[in-house]
Each structure stands twice: as C-alpha cells, then as structure tokens.
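Report on the structure given below.
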Amino acid sequence: MTHDTPVQSVPHEPSFRESVDLMFNRAAAVMDLSPGLEEKIRVCNATYTVRFGVRLRGKIQTFVGYRSVHSEHMEPVKGGIRYAPSVNQDEVEALAALMTYKCALVEAPFGGSKGGLCIDPRDWDEHELEKITRRFAYELAKRDLIHPSQNVPAPDMGTGEREMAWIADQYARMNTTDINAQACVTGKPVDSGGIEGRVEATGRGVQYAVREFFRHREDVARCGLSGGLEGKRVIVQGLGNVGYHAAMFLSQEDGARVVGVIERDGALLCETGLDVEAVAQWITHHGGVCGFPHAEFIANGAALLEADCDILIPAAVEGVIHLGNAARIKAPLIVEAANGPITVGADRILTERGTVIIPDLYANAGGVTVSYFEWVKNLGHIRFGRMQRRQEEARHQLIVDQLESLSEALGKQWSPSPDFKQKYLRGADELELVRSGLDDTMRTAYGAMREVWHGNGQVQDLRTAGFVCSVSRIADSYRSKGL
Ligand code: GLU
C-alpha cells in the first residue's frame, strides 16, 4: 500500500465502481447484447452491510463490514475479503464486479463477490483480530454469505491464511454436519485444507501472464518493446503478497531487473537491479523501505510510477494511475497486478498513447484460479496427485528400463544428463500440478483475449478484449438459462 493521491481527490474522476462500469460499457458497445441483458450483467445484485460489536479492551467496539454479490449466473460466487480502513460499499461493489469478469475470463466456474471490513489490522493484536474475524464470519455465514455452494471468500488485501483458517473453523462450528465445510473458504493453510501454491498464486499468475505476453512478438512490438523478459527493467508498486511474489519470480526465474520498488513510506531506485528478497526483509524489520542500503531512496514514492522503465507493475491499491498522473507515465507496458489500479480516464489516456495494459481481470486472476483448485480439492476430499503419482513413476520407470536394456543389447552406453532420470521418473506432486493448471489457465485466457484484440477491428486494447470475452460468456450463460 502506498500514499498515492486517492481517486476521489482528482476532479471529475468517477468512483471505482463507476470506473469498472464504464470499462464494461466500452466492451458492451462493440457487442450485440440486448439492452436488458446488458443492464442485468452490469449491475451489482446485492450488497449486505453489517455493523457488529465485539467486546475488546474493556468496551464494545463496533465494526462495519460488507459482502457484495455482483453476479450469480454461476454459484458459488467467489471473491476475497479485504481488511482496510478505507473499505466502503462502492469499493466492494467494484471489486465484486471485477471478480465476475475475472472468473469468466479464466473459466473458474463462479459468480463474482467481494467482502471488506473497515479495520486497520495493525491496530489489533492477533487474538483480537481472531475475535473480530470470527464474529464477522458468523454474521456472514448465518446469511449464507459464506457457504461452500453459495459464497466462498478468500484472502485479499490485509487478510491471509490465518484469517481464512479462522473463517473455515467458524463455519465448521456452525455447520457441524456439513461434509463439505472446508470448501466454504479458500486460501487456507495447507494443514487446514488449503492447497500448495495458493499463497504465491496471484504473483505466479502475474509472472505467467507476462511470460505469455512476451511469447507473442507482435504483441510486444505493439508497445514498442522487443525481445524477451531477460534484462527488462521493472518497477513494482507495493511489495505485499502479490507484488513480492511477482517481483521475485520475474527477477529470479526470468532475468528481469527490478529497478524500482514503491512502498507506503517512499520508493527505492537502483538501475543495476534490487535484491527483492533483501528489500522484503528490510520492510519486515524496519516497517518501510527507508534506509535500505544499495539503493536511492525517494521520499515521494508515487513519483516513481512516472519513472523510465519497461514494465510497470502496480500491485497495491486501486486508482493509483489517474487523470492527474496518467500523461506522465513512461512505461510502455503496464501489468495490473492490483485490482483497478488504473482509472477509466487514465486508461483512455494511456491506450490512446500506445501504452499496452495487461488488465487486472486477466493479470491477477492467478489467485482465484488456484482458489478454484483448492475448492475442487476440498469437495473431492483428496489431494491432487495422490492416486496417479506412483503409477506415473512406475510407467516412466518402464521406459527407462527399456532404454537401458536396448542400449545394452546394442552394445552402446546410454548416458542421459545427470538429472534426467531423477526429473523424468518423479511423478508430479500437488505443487507441480497446481502450477501446471495455472500456467495452462493463463495461456488459454490470453489466447481468448488476444483473438478478440487482433480479430475485432473495434477493439483497440487488451482490457476491452478481456471484457468482451468475459461478458459474452456470462451472456451465454444467462441466455441458456432463459433469462
Ligand atoms: N482476492 C483475490 C482476487 O482479487 C482472490 C479471490 C479468490 O481467490 O476468490 O482475485
């Protein structure tokens, strides 16, 4: 999170929800939807507001929370729960809508939902947060706003595995005979029904999205870049769960150079590339990036959004690229790891200028994709790979044995690379399967978006293309239901 100019303080900027709706409208304008259906898809179905009291520090403290359901064309509906003091109805509704479009784009069979609690988690101790979370979960679960077949929350800003474990346990206590209780929430710790690879999933998805983009030279050329990811200069805004993993993977596995990191207390700039892990450690111990050695510190962090780089990755909050700074953004490629980091007005300025934006509904869909795998795992009551792994190894062993006896019969020495046997013989474990499923999902979704981007003369950008893909799938599902 950073202290950037909030959307509201910039004149004539629509709210976050209006911004998402305007992006939807841009896609709807090039589609053939009946006006009634268009309206049905765009509107948020319902938002539940709860105000509840918890006795803490000798008095009753009142908290305000929301759970918004945008679309129930598929159930359960899905989306995270955010803890932040700035949470409000407009924001959860915008985020719920984005969940609808995101799930449709990556073919996760869910409608869209989102929740939020107006709280700064840093103000409370762990046991206090547990009491607050359990009470919030109780309020939502008793209205089926947490339910394995109706509404399945997940982590978002300010929440993580710990909160999801409390929610799962709270639901299980209230539904003692529900055999699928664990599937009421995703993003749980692995020892409480979670899945390997969920914590890194959104950042991993960002990496797979960027990799897929760079596989298409024609697309890379559209933003004026060339070549692969190796050596590309990246600036990441927000080193939370998503930004941290994306920066780590892109720098360590793809050779990209993270030259800038923007955090709440300022930014770091280092042309030779930052050690992302070291920066993250520094933040953990010092509460911010200030004082980090081997990098230039810039007190006005938001200014670094406008710095020269190849790839800008906003991975914090919504509205950080707005009418006030869009014209000064130099990055030719922006990857929206956060939800809604670019306002609709800023989006127009950037796309008209030729900046390519890999949009949030695609770029950060890795989280919900792996949530989908976790939900399926919970409903199946079995870990992925448990049935096949050894059988796969046995079949591979057969081939290796055959090759060895063949080379013996031919009097030739078969000498594969040292780690070939170990790599080839090993059956896939859950983490490998999750990564494979996520990679496949990201590639397939990009393909669908790309087809619209290149094939429809009226669509100029990847965001509109993404919306067109999603909205046409949602429309099909409403049409086949007879709505
Ligand atoms: N909060 C994440 C998002 O915005 C994950 C949602 C989920 O896994 O359901 O996509």
Side-chain angles (χ1 to χ4, degrees), residues 78-80 98-110 112 154 186-187 195-220 222-223 228-229 232 234 236 241-256 311 313-315 333-339 341 356-376 384 428 430-454 461-470 473:
K78 190 91 189 73
L98 281 175
M99 286 308 304
T100 298
Y101 308 130
K102 196 185 302 191
C103 289
L105 183 61
V106 294
E107 296 176 282
F110 303 126
T186 59
I195 194 167
E196 295 288 349
R198 176 62 185 85
V199 175
E200 63 164 48
T202 314
R204 184 65 78 184
V206 171
Q207 176 198 31
Y208 290 165
V210 178
R211 276 188 184 172
E212 183 57 15
F213 176 79
F214 274 90
R215 283 194 192 101
H216 301 274
R217 277 195 202 174
E218 207 185 330
D219 300 0
V220 176
R222 281 213 183 189
C223 60
L229 262 168
K232 290 284 179 293
V234 179
V236 181
N241 179 41
V242 181
Y244 164 74
H245 284 106
M248 280 293 284
F249 299 148
L250 288 169
S251 58
Q252 296 203 341
E253 298 172 12
D254 298 300
I311 309 172
I313 307 184
L333 176 64
I334 305 179
V335 184
E336 293 187 316
N339 286 309
V356 171
I357 299 165
I358 303 185
D360 48 7
L361 73 159
Y362 170 66
N364 71 35
V368 74
T369 300
V370 177
S371 276
Y372 167 41
F373 302 154
E374 179 177 333
W375 181 72
V376 169
F384 286 110
E430 187 171 77
L431 183 59
E432 282 169 278
L433 292 169
V434 163
R435 286 183 182 159
S436 152
L438 176 58
D439 194 11
D440 182 60
T441 302
M442 298 309 287
R443 292 189 200 209
T444 307
Y446 188 80
M449 230 169 34
R450 186 171 192 271
E451 213 176 291
V452 178
W453 190 28
H454 293 282
D461 59 288
L462 273 169
R463 189 191 312 280
T464 309
F467 268 89
V468 168
C469 292
S470 304
R473 287 177 188 163

A side-chain contact here means heavy atoms from C-beta on lying under 4.5 Å apart; do [X] and [Y] qualify?
X	Y	answer
Thr186	Lys78	yes
His245	Val199	yes
Asp461	Ile357	no
Arg435	Tyr208	yes
Glu218	His454	yes
Ser251	Val234	no
Leu229	Arg211	yes
His216	Arg222	no

(Q) If you count heavy atoms of other groups shown closer than 6.0 angstrom to CZ of Phe213, is the number above 12? (A)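 More than 12 heavy atoms, drawn from other residues, nucleotides or ligands, come within 6.0 Å of this atom.
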(Q) Does atom CZ (Arg215) have a neighbourhood of more than 12 heavy atoms from anything else shown, all under 6.0 Å? (A)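 More than 12 within 6.0 Å, yes.
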How long is the gap from [atom1] on [X] to [atom2] on [Y], to the nearest 0.5 Å?
X	Y	atom1	atom2	value
Phe384	Ile195	CZ	CD1	5.0 Å
Met449	Ser470	CE	OG	9.0 Å
Ile313	Asn364	CD1	CG	12.0 Å

Q. Taking only residues two or more places apart in sequence, or in another chain, which ones meet Arg204 in a salt bridge (Lys or Arg N to Asp or Glu O under 4.0 Å)?
A.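 Arg204 satisfies salt bridge (Lys or Arg N to Asp or Glu O under 4.0 Å) with Glu200, Glu253 only.
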Which atom names give the shortest non-hydrogen contact between [X] and [Y], and what distance separates them?
X	Y	answer
Ala465	Trp453	CB-N, 3.8 Å
Val206	Ala337	CG2-CB, 3.8 Å
Arg198	Ala154	NH2-CB, 4.3 Å
Tyr362	Met442	OH-O, 2.8 Å
Ala363	Glu336	CB-O, 3.5 Å

Q.
Evaluate Leu462 against Val356 for side-chain contact (heavy atoms from CB on, under 4.5 Å), listing each step before the verdict.
A. CA-CA 8 Å; Leu462 273 169; Val356 171; 4.1 Å; yes
Q. Under the salt bridge (charged side-chain N to carboxylate O under 4.0 Å, His left out) rule, what pairs show up with a residue in residues 363-375, not counting sequence neighbours?
A.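 Every pair satisfying salt bridge (charged side-chain N to carboxylate O under 4.0 Å, His left out) with a residue in residues 363-375: Lys188-Glu374.
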Q. Is the backbone of Glu430 close enough, under 3.5 Å, to the side chain of Glu196 for a donor and an acceptor to pair up by distance?
A.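 Flag not set: sc Glu196 to bb Glu430 has no pair under 3.5 Å.
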Q) Arg473 side chain to Leu105 main-chain N or O, any donor-acceptor pair under 3.5 Å? A)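 Yes; judged by distance alone, with no hydrogens or angles, the pair exists.
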Q) Which residue, Thr441, Asp439, Asp440, forms the side-chain hydrogen bond (donor to acceptor under 3.5 Å, both in side chains) with Arg443? A)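 The passing option is Asp439.
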Q | Parallel, tilted or perpendicular: rings of Phe467 and Tyr101 (30°, 60°) | A |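 Tilted.
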